[in-house]
**Q** 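My questions all concern the structure below.
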Amino acid sequence: MSKHGTYIGRFAPSPSGPLHFGSMVAALGSYLDARHYRGQWLLRIEDVDRPRVVPGAEDAIFRTLETFGLEWDGAVVCQRDREQAYAAALSRLKEGARVFACACSRREIADSVLARDGSHRYPGTCRNGLPPGRAARAWRFRATPGEVCFDDSLQGRICEDVDADVGDFVLFRADGLFAYQLAVVVDDADAGVTHVARGADLIDSTCRQILLQRALGFPTPQYMHFPVVVNAAGEKLSKQTLAAAVDTLPPADVMFRCLAFLGQCPPPELARAGVATIRQWAIENWNRRLVPRQRTGLAPGEQREYV
Ligand code: GLU
């Protein structure tokens, strides 16, 4: 809980496909944590990355959440309606010289050193001004050296030197779209989000987001990163790994398995109950301490391969 006892949580799916077991774990985990602590639970459609939007996915997400009885508070926020807020934040950063225009192409950056997450660290080419004759393509945040740390409710203390690992990161992309890192920080702050509960695949973005919050004068929410659901080959479930959409399975069955994945030990007789009964049991009995403190967890039915 925050100092003042308020809790505003959220679920922020990208409409790049229907919810699969992995995204359902993040939806249910963030919902249960919010409801257990009598908090609000907001829903935001993260469609800032237009090329990744799949027609119909947004409606499918609403239907699935309704099937599971995961009711959100207030109106759904869609990033496509939030461009003015992102533009205002970017101009504030420009005024404070916290961002700079960048002319580098992907290929130029690909030739630079590899960052921890396999991406390429920005080598700082345009940091002190555009090279002569080159036009601005994107805007980058001027990363500050030194470790940024936060205390994750599940994963413990996490630290990263963003400048050393990622370098100056993009806030406004060469294709004219705002970057996820800026959108998520502005959206969470405007909605008054106090608790961010999401998949551990986003841990590597969190320190960048904290740097941005500091630069914009926003408070940093409490973070909790759930293990990401992986298959036996260690791959995150996604459309690429052909994870089934959760609405092809009986909802009570999916919810029971999500709870088991989150370490919540639902009593076996609950497996025969309806989805509303399981959900109510889970709100009352939600226990963060039982969630595995790991970055990944095996999907139900997957066996580790021993080699
Ligand atoms: N839109 C992101 C996703 O679907 C989640 C972002 C977040 O929770 O901060 O993976």
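Atoms within each ligand, like the ligands themselves, are counted from 1 in listed order. Hydrogens, waters and symmetry mates play no part in the numbers below; they use all other heavy atoms, side chains included.
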**Q** Heavy atoms only, cut-off 4.0 Å: how does L202 contact ligand 1, side chain, backbone, both, or neither?
**A** side chain
**Q** With a 4.5 Å heavy-atom cut-off, do T206 and R198 have their side chains touching?
**A** yes
**Q** Is D201 salt-bridged to K236, going by a charged N under 4.0 Å from an acidic O?
**A** yes
**Q** So which heavy atom in the protein is nearest atom 6 (C) of ligand 1, and how far is it from that ligand atom?
**A**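 It is E46 OE1, 3.2 Å.
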**Q** Hey, are E284 and Q280 close enough side-chain-wise for a donor-acceptor pair under 3.5 Å?
**A** yes
**Q** May I ask you to list the atoms of ligand 1 that are less than 4.0 angstrom from any heavy atom of R198?
**A** 7 (C), 8 (O), 9 (O)
**Q** Inspect the contact between E58 and R80 and indicate whether a charged nitrogen and a carboxylate oxygen are less than 4.0 angstrom apart.
**A** yes
**Q** Check this for me: does any side-chain nitrogen of one of D187 and R10 sit under 4.0 Å from a carboxylate oxygen of the other?
**A**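 No, D187 and R10 are not salt-bridged.
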**Q** N/O of Y180 under 3.5 Å from N/O of ligand 1, yes or no?
**A** yes
**Q** What about R10: any of its N or O atoms under 3.5 Å from an N or O on ligand 1?
**A** yes
**Q** Give me the residue, atom name and distance of the protein heavy atom closest to atom 3 (C) of ligand 1.
**A** S14 OG, 3.6 Å
**Q** By number and element, which atoms of ligand 1 are closer than 4.0 Å to a non-hydrogen atom of V184?
**A** 9 (O)
**Q** List the atom of A89, the atom of V186, and the distance in Å for their closest heavy-atom pair.
**A** CB-CG2, 3.6 Å
**Q** Do the cysteine sulfurs of C126 and C104 sit under 2.5 angstrom from one another?
**A**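 C126 does not pair with C104 as a disulfide (SG atoms not under 2.5 Å apart), so no.
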**Q** Against heavy atoms of P13, which atoms of ligand 1 measure under 4.0 Å?
**A** 4 (O)
**Q** Any nitrogen or oxygen of A12, main chain or side chain, under 3.5 Å from a nitrogen or oxygen of ligand 1?
**A**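 Between A12 and ligand 1 (N or O atoms, distance only) the closest approach is under 3.5 Å.
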